[in-house]
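Notes for the one structure printed next.
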Amino acid sequence: MQRMSRLFARTLRDDPAEAAIVSHRLLLRAGYIRPLGAGIYSLLPLGWRVHCRVVQVVREEMDRIGCQELLMPVVHPSDLWERTGRFHSVGSEMARLKDRWGRDMVLAMTHEEVATELGQWVASSYRQLPVCIYHFQTKFRDEPRPRGGLLRVREFTMKDAYSFDTDLESQESTYQDFMDAYLRAFRRCGIEPAIVESDAGAMQGSGAHEFHCLTEAGEDTLVVSASGRYAANIEIATAQKPVFDHGEPQPIEKVATPGQETIDDVAAYLGVETHQTLKAVFYWTGDALAFVAIRGDLQVNEAKLRSLLQAPDLRLAADQELEAAGLVAGYASPVGLSNVTVVVDDSVESATNLVAGANEPGFHLVNVNYPRDFQADLRGDIAQVQSGDRSVDHDEPLELMTGIEIGNTFKLGTYYSDRLDAQYLGADGRRHPFVMGSYGIGVGRLAASVVERYHDADGIIWPVSVAPYDVHIVQLGTGDVAADAERLAGELEEAGLSVLLDDRGDSAGVKFNDADLIGLPFRCTVSRRTLAASAVEFKPRAATDRQSIPRDQIVQTVLEARTAALAALTPDAPVTMPTISAS
RNA sequence: CGGGGCGUGGCGCAGUCUGGUAGCGCGCAUCGUUCGGGACGAUGAGGUCGGAGGUUCAAAUCCUCUCGCCCCGACCA
């Protein structure tokens with residue numbers, strides 16, 4: 001039992017000024033976390049208990065699929081990272097340091113390298129495969145912009161798992177096991193995740209999924225079809241691109257368009273729809289300029305472009321870089337260009353007689369046709385899906401949603417095993433690289449997501465599965481009242497429940513408000529009034545009504561309520577695409 | 001990295017423009033009265049005004065530099 005009078009925490013009456021997001025505000029106010037720097041937090045006892053509860057849920061689901069827990073170090077010598085190429089490719093997100101001998105070390109932001117090294121050491125034969133390992137370990141990622149309390153931090157605990165299979169077929173089965181385990185873990189925490197296809201990004205894999213908690217506070221945009229049959233992160237999402245008929249190709253012509261620098265202006269000025277224009281956008285790949293041409297009614301999707309160009313450091317080009325290449329912003333054209341890489345979205349291939357810039361201020365070209373008038377160095381789909389677009393597979397309308405990425409799964413293929421010579425001896429007597437997977441869950445982000453999902457105007461409403469304590473006893477009075485509250489706490493603990501006892505001398509209002517703020521699932525109030533009635537007042541945090549329960553039945557009542565609440569978190573329900581809840 | 005905002009006691013803020021004894025509410029401590037939804041009274045503790053330099057008789061306030069934090073964007077396993 002923890003007494004509130006001794007709890008290492010402090011609840012705040014006023015909202016901290018820095019907190020703009022619900023979970024951040026409530027976790028600070030209720031005394032769960034305390035910032036030390038940007039994106040760096042201490043977990044106070046309440047926060048740590050939630051952390052441990054979440055860890056335990058995830059651990060049980062990992063163990064359930066036969067994944068074995070271990071612990072890998074945070075500080076790594078750089079050589080493994082040199083061998084996979086990530087020591088140089090990752091960039092400043094990974095913190096680096098030198099040891100006393102001047103050797104390069106890294107603070108691990110993930111553990112593919114070390115896991116692969118361990119895997120090849122242990123599993124020398126196909127007879128030992130498949131095998132999976134996981135750990136809960138501190139990650140440090142030097143994020144350019146931490147935000148939202150625990151939602152995006154620089155130091156955090158991640159559950160990361162790594163699988164080793166003999167071949168793609170086996171890995172597919174292992175991957176499915178992880179998907180199932182993730183779904184169960186999130187549901188046990190009270191979150192029905194949206195599962196979407198995602199970008200493998202720096203993981204270098206061949207396929208990936210993300211699990212999202214749908215909430216306005218999220219940073220990721222997801223594209224979901226009406227039936228839920230298609231769901232993807234917008235970074236990789238595809239959609240049908242409507243085709244417009246602008247007639248047979250006509251001779252190219254230069255027209256004056258004074259002062260018309262935007263697509264909308266030019267289209268209006270020349271009396272055409274935006275889909276009959278060619279939009280030019282310029283990116284800097286890190287060492288070269290890329291001229292991106294896309295139909296005027298579409299937006300460039302930078303993640304897709306980055307992937308197509310294989311340019312991890314892609315960014316919009318600066319004006320000086322445009323001038324140096326002889327391009328005129330607002331009037332730029334791919335026609336007659338030779339010194340820059342031209343990337344063409346496939347929307348341009350089906351369009352005829354487009355309006356494009358003339359590379360001359362105040363002039364555009366009409367009846368520009370690809371590939372008659374200009375060539376592409378690269379072609380592909382680099383368009384951003386927009387709300388209302390239709391899915392490729394089932395021709396369904398697509399909707400955009402926002403979510404917090406609480407977990408991800410990656411099919412790594414043999415990227416790491418190839419580079420680290422991680423091989424097993426197969427039944428055929430030959431050596432083969434492991435087919436690997438990696439799977440992450442951010443513990444703190446998951447806890448914060450639960451708060452985003454479960455709260456009201458008064459505070460947090462923890463699901464029983466991850467609450468820091470099961471029962472909040474509000475003791476209103478001293479003497480007999482205090483004695484009975486203590487006795488009740490003992491009985492509840494005897495029954496296997498964890499208890500936070502508010503034994504402070506504060507007024508009832510203060511105590512009730514703190515109880516609501518902290519958000520334990522069940523509240524029991526003990527006072528003169530309840531003592532006289534040989535009863536205890538019982539109120540689930542999520543309920544609006546208080547009940548008077550006979551004193552000799554209260555423990556049973558709480559136990560049953562908790563059991564029912566746990567049963568309501570059904571990990572085995574069929575997968576459905578959730579919608580954003582009104583809470 | 002670009003744009004915006006903010007650093008004054010544990011929390012929320014005023015004071016800065018127009019330089020002149022550092023304030024308010026909450027919280028905290030002691031005493032008393034209260035006692036079922038953030039009680040009341042009295043007394044009290046607590047701040048080198050983020051830091052450094054400069055201007056001035058005098059700087060929270062003006063100038064320069066710097067550090068940090070928040071928000072938007074860029075970025076992002």
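So that the names make sense, note that chain A is the first sequence line, chain B the second, and so on, each numbered from 1.
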Once you apply the 3.5 Å cut-off to both distances, tell me the Watson-Crick or G-U wobble partner of [N], or none.
N	value
B/C11	B/G25
B/G32	B/C40
B/G47	none
B/A74	none
B/U16	none
B/U56	none
B/G68	B/C6

Within the structure shown, what part of the strands sits under 4.0 Å from [X] by heavy-atom distance: base, sugar-phosphate, or nothing?
X	value
A/R546	base
A/T530	base
A/D160	nothing
A/G31	nothing

Which of residues 67-82 of chain A have a heavy atom under 4.0 Å from RNA chain B? none
Within residues 10-17 of chain A: residues closer than 4.0 Å to RNA chain B (heavy atoms): A/R10, A/R13, A/D14, A/D15, A/P16, A/A17
Suppose you measure atom [atom1] in [N] against the same atom in [M]; what distance do you get, rounded to whole Å?
N	M	atom1	result
B/G38	B/U56	C1'	48 Å
B/A60	B/G7	C1'	11 Å
B/U55	B/U30	P	49 Å
B/G3	B/G50	C1'	23 Å
B/U61	B/G15	P	15 Å
B/C40	B/G46	P	25 Å
B/G32	B/G25	C1'	23 Å
B/C69	B/U8	P	14 Å

Nearest-Å distance, [atom1] ([X]) to [atom2] ([N])?
X	N	atom1	atom2	answer
A/R29	B/C11	CZ	C1'	10 Å
A/D142	B/C1	CG	C1'	14 Å
A/E219	B/C72	CD	P	9 Å
A/L517	B/C11	CG	P	16 Å
A/R523	B/G37	CZ	C1'	8 Å
A/N513	B/C26	CG	P	16 Å
A/F538	B/G36	CZ	C1'	18 Å
A/W284	B/C1	CH2	P	19 Å

For A/K539 and A/E405, find the nucleotide of RNA chain B closest to each by heavy atoms; which residue's nucleotide sits nearer the 5' end? A/K539
Which is more 5' along RNA chain B, the nucleotide nearest A/K511 or the one nearest A/R306? Just name the residue. A/K511
Are side-chain heavy atoms of [X] and [Y] found at a separation under 4.5 Å?
X	Y	result
A/C189	A/L446	yes
A/I404	A/L151	yes
A/I441	A/F186	yes
A/W48	A/H51	yes

Kindly write out the residues that satisfy side chain to side chain donor-acceptor pair (under 3.5 Å) with A/D456, not counting sequence neighbours, or none if the list is empty. A/R541
Taking 4.0 Å as the cut-off, does a side-chain nitrogen or oxygen of A/S507 come that near to OP1 or OP2 on B/A39? yes
Kindly say if A/R147 contacts the phosphate of B/C72, meaning a side-chain N or O under 4.0 Å from OP1 or OP2. yes
Tell me whether [X] contacts the main-chain N or O of [Y] through its side chain, where contact means a donor paired with an acceptor under 3.5 Å.
X	Y	value
A/R96	A/M94	yes
A/K304	A/A237	yes
A/T116	A/E112	yes
A/Y182	A/Y439	yes

Distance criterion of 3.5 Å, no angle test: do you see the side chain of A/R25 paired donor-to-acceptor with the base of B/G12? no
Restricting to pairs with a member in residues 23-36 of chain A, which pass side chain to side chain donor-acceptor pair (under 3.5 Å), not counting sequence neighbours? A/S23-A/E452, A/H24-A/Y41, A/Y32-A/W462
Using the side chain to side chain donor-acceptor pair (under 3.5 Å) rule, collect all pairs that involve residues 510-520 of chain A, keeping only residues at least two apart or in two chains. A/T11-A/D514, A/R504-A/D514
Residues A/R83 and A/E113 bridged, charged N to O under 4.0 Å: no
Tabulate atom names and distances for all N/O pairs under 3.5 angstrom spanning the protein and nucleotides 67-69 of chain B.
from, atom 1, to, atom 2, distance (Å)
B/C69, OP1, A/A38, N, 2.8

Would you sort out whether A/L27 and A/L150 count as a side-chain contact (heavy atoms from CB on, under 4.5 Å), showing the intermediate values? CA-CA 9 Å; A/L27 290 170; A/L150 295 187; 4.0 Å; yes
Take the angle between the ring planes of A/Y175 and A/H209 and call it parallel below 30°, perpendicular above 60°, tilted in between. tilted
Could you label the plane-to-plane angle of the A/W81 and A/H76 rings as parallel, tilted or perpendicular, counting under 30° as parallel and over 60° as perpendicular? tilted
